[in-house]
Amino acid sequence: MLAACAGDDADSSDSTTVVAPESPGATSLEDCSNVSLSTTRINAAARTTVNTELTFDNALAVWRMPVSTGQELTAEMNVPADKDYNIAFFDGSGNKLACADTEGNGVDETLEYTVASISEIWVKVWTPALPSRSAFTLTMVTPVATEITDDEPNDTPATAQVVSDSFTTVDGTLDTDNSDADDYYKYTVSEGDVVTINASATDDGASLIYVALSDSDSTVLEENGEPVVHYFGENEMSTSLTYTVPAATTEVYVWMAAQPGTGSYTLEVQID
């Protein structure tokens with residue numbers, strides 16, 4: 001069991017106006033409309049990481065964990081039959097980001113959130129149920145990218161590397177002196193899919209020209225009238241691009257290109 005910042009019968013809420021959740025005969029006034037997280041609990045929260053199973057049996061628990069912008073988080077909580085646990089996400093200033101408080105003992109909770117411009121998230125779990133030592137189990141999960149290799153030749157749409165997984169990461173190299181000025185990765189898609197591309201130069205970026213999303217003719221696709229492309233430069237070493245797949249489109253190509261020289265990159269592609 002991983003310890004957390006916990007509340008006991010005398011101090012399990014973040015406000016003196018809220019009755020302690022495990023006080024006999026009393027219930028907590030906190031729900032998603034008024035739940036809060038005090039500075040004391042923000043500072044005292046136990047550190048953990050995403051994809052760690054957490055088990056706890058007290059009235060209140062608070063954890064903090066590192067996250068990254070754009071990361072998709074899902075909290076999956078198994079609730080014991082005699083408890084009604086609720087869950088909320090906060091940032092480091094105590095601002096509520098998301099919350100789930102489905103009523104009823106033994107009702108499992110699921111909470112989803114896409115991280116926006118923060119590097120840590122705080123998770124608060126609390127219950128209005130009467131005293132017991134029955135425990136909840138909480139897992140914060142996030143999709144994990146499948147590592148693939150840069151398999152040559154993949155220098156044209158016709159010879160593109162076919163990728164079957166919907167979430168992948170690859171470390172690749174372009175070398176124009178060895179007839180490898182381009183890398184193409186081909187993905188199967190359906191109408192309504194959202195393609196997210198995160199690309200970074202892993203050297204000085206001088207030899208990388210751009211990353212783009214294209215069709216089989218190397219025509220760069222557009223999102224809201226703007227080309228889905230990023231040109232690398234001294235102050236443009238990384239990017240995040242998105243594209244929503246229209247009707248009748250069944251495949252897209254992620255295209256990495258270089259100018260004379262050698263360039264290396266990290267490329268992450270996710271299709272939801």
Discussion item. Whether the Thr102 and Glu109 side chains hold a donor-acceptor pair (N or O, under 3.5 Å, no angle test) is what I'd like checked.
Written reply: yes

Worksheet item: Honestly curious: do Tyr243 and Tyr210 fall in one hydrophobic cluster under the side-chain, below-4.5 Å linking rule?
Response: no

Worksheet item: Going by heavy atoms in the side chains, are Ile118 and Leu97 under 4.5 Å from each other?
Response: yes

Item to complete: Without swapping roles, check the side chain of Glu30 against the backbone of Ser36 for a donor-acceptor pair under 3.5 Å.
Response: yes

Fill in: Trp122 (side chain) donor-acceptor with Phe90 (main chain) under 3.5 angstrom
no

Worksheet item: Quick one: does Val144's side chain get under 4.5 Å of Asn51's, heavy atoms only?
Response: yes

Worksheet item: Where do Pro143 and Glu72 come nearest, in terms of heavy atoms and distance?
Response: CD-O, 3.4 Å

Discussion item. Same cluster or not: Leu221 versus Val189, using hydrophobic residues (I, L, V, M, F, W, Y) connected whenever any side-chain heavy atoms lie under 4.5 Å apart?
Written reply: yes

Response to the item:
Closest non-hydrogen contact found for Ser179 with Asp155 is O-OD2, 3.7 Å

Worksheet item: Under 3.5 Å, is there a donor-acceptor pair linking the side chains of Asn198 and Ser240?
Response: yes

Discussion item. Side chains of Ser264 and Thr202: any donor to acceptor distance under 3.5 Å?
Written reply: yes

Discussion item. Between Phe56 and Tyr85, is the side chain to side chain contact (heavy atoms under 4.5 Å, CB included) condition met? List the steps.
Written reply: CA-CA 11 Å; Phe56 208 65; Tyr85 277 109; over 6 Å; no

Worksheet item: Between Leu138 and Trp63, is a side chain to side chain contact (heavy atoms under 4.5 Å, CB included) present by the stated rule, with each step listed?
Response: CA-CA 11 Å; Leu138 171 67; Trp63 288 276; 4.3 Å; yes

Discussion item. If you compare all heavy atoms of Ser207 against all heavy atoms of Gly263, which two are closest, and at what distance to 0.1 Å?
Written reply: CB-N, 4.0 Å

Discussion item. With salt bridge (charged side-chain N to carboxylate O under 4.0 Å, His left out) as the rule and sequence neighbours excluded, what pairs involving residues 263-272 come up?
Written reply: none

Response to the item:
Met140 and Val50 have their tightest heavy-atom pair at O-CG1, 3.3 Å

Worksheet entry | Which atom of Gly172 lies closest to which atom of Asp150, heavy atoms considered | CA-OD2, 3.7 Å

Response to the item:
Sequence neighbours excluded, the answer for salt bridge (charged side-chain N to carboxylate O under 4.0 Å, His left out) partners of Lys96 is none

Worksheet item: Any sub-3.5 Å donor-acceptor pair from Asn34's side-chain atoms to Asp31's backbone N or O?
Response: yes

Worksheet item: Given side chains that start at C-beta, do those of Met65 and Ile121 come closer than 4.5 Å, heavy atoms only?
Response: yes

Discussion item. Please tell me whether Asp171 and Thr266 have a donor and an acceptor in their side chains that are separated by less than 3.5 angstrom.
Written reply: yes

Practice prompt. Could you give me the CA-CA distance, side-chain angles and deciding distance for Asp151 and Asn154, then say whether side chain to side chain contact (heavy atoms under 4.5 Å, CB included) is met?
Written response: CA-CA 7 Å; Asp151 292 333; Asn154 60 353; 5.7 Å; no

Discussion item. Keeping Glu103 on the side-chain end and Asp84 on the backbone end, is there a donor-acceptor pair under 3.5 Å?
Written reply: no

Practice prompt. Output the distance between atom NE2 (His230) and atom CG (Leu213), rounded to the nearest 0.5 Å.
Written response: 15.0 Å

Worksheet item: Quick one: OG1 on Thr127 to CD1 on Ile87, what's the gap to the nearest 0.5 Å?
Response: 13.0 Å

Worksheet item: Quick one: disulfide bond (SG atoms under 2.5 Å apart) pairs with a partner in residues 37-115, sequence neighbours left out?
Response: Cys32-Cys99

Discussion item. Just so I know, are the side chains of Met256 and Phe232 near enough to count as touching, which here means a heavy-atom distance under 4.5 Å?
Written reply: yes

Worksheet item: Can any side-chain N or O of Asp165 pair as donor or acceptor with the backbone N or O of Phe167 at less than 3.5 Å?
Response: no

Discussion item. If hydrophobic clusters are built by linking Ile, Leu, Val, Met, Phe, Trp and Tyr wherever their side-chain heavy atoms come under 4.5 Å apart, do Val228 and Tyr187 end up in the same one?
Written reply: yes

Worksheet entry | Arg41 vs Lys124 side-chain heavy atoms within contact, under 4.5 Å | no

Practice prompt. Please check if any side-chain donor atom of Asp217 sits under 3.5 Å from a side-chain acceptor atom of Thr219, or the reverse.
Written response: no

Item to complete: Calculate, to the nearest 0.5 Å, the distance between atoms OG1 and CG belonging to Thr196 and Leu241 respectively.
Response: 9.5 Å

Item to complete: Find out if a path of hydrophobic residues (ILVMFWY) with successive side-chain heavy-atom gaps under 4.5 Å connects Ile209 to Val170.
Response: no

Worksheet item: If only atom types and distance count, is the side chain of Ser68 paired as donor or acceptor with the main-chain N or O of Gln71 below 3.5 Å?
Response: no

Discussion item. I need the minimum non-hydrogen distance between Ala212 and Val229, along with the two atoms involved.
Written reply: CB-CG2, 3.7 Å

Item to complete: Decide yes or no for Thr250 and Thr188: does some side-chain heavy atom of the first lie under 4.5 Å from some side-chain heavy atom of the second?
Response: no

Discussion item. Between Thr176 and Gly261 (side chain of the first, backbone of the second, donor and acceptor by atom type, cut-off under 3.5 Å), is there such a pair?
Written reply: yes

Worksheet entry | Of all pairs that satisfy disulfide bond (SG atoms under 2.5 Å apart), the ones with a partner from residues 45-87, not counting sequence neighbours | none

Worksheet item: Same cluster or not: are Tyr253 and Leu174 linked, directly or through other Ile, Leu, Val, Met, Phe, Trp or Tyr residues, by side-chain heavy atoms under 4.5 angstrom apart?
Response: no

Discussion item. Can you list everything that forms a side chain to side chain donor-acceptor pair (under 3.5 Å) with Tyr184? Sequence neighbours excluded, please.
Written reply: Ser218, Trp255

Worksheet entry | Those residues that, when tested against Tyr265, pass side chain to side chain donor-acceptor pair (under 3.5 Å) (two or more places apart) | Asp183, Tyr185

Practice prompt. Could you tell me the separation between the OG1 atom of Thr239 and the CD1 atom of Ile197, rounded to the nearest 0.5 Å?
Written response: 9.0 Å

Worksheet item: Once you round to the nearest 0.5 Å, how far does CG of Leu73 lie from CG of Leu111?
Response: 9.0 Å

Worksheet item: Looking only at atom types and distance, does a side-chain atom of Glu223 sit under 3.5 Å from a main-chain N or O of Thr244, one as donor and one as acceptor?
Response: yes

Worksheet item: Checking side chain to side chain contact (heavy atoms under 4.5 Å, CB included) for the pair Thr156/Asp182: CA distance, chi angles, key distance, verdict?
Response: CA-CA 7 Å; Thr156 68; Asp182 303 275; over 6 Å; no

Item to complete: Rounded to the nearest 0.5 Å, what's the gap from CG on Asn86 to CZ on Phe136? Could you check?
Response: 11.0 Å

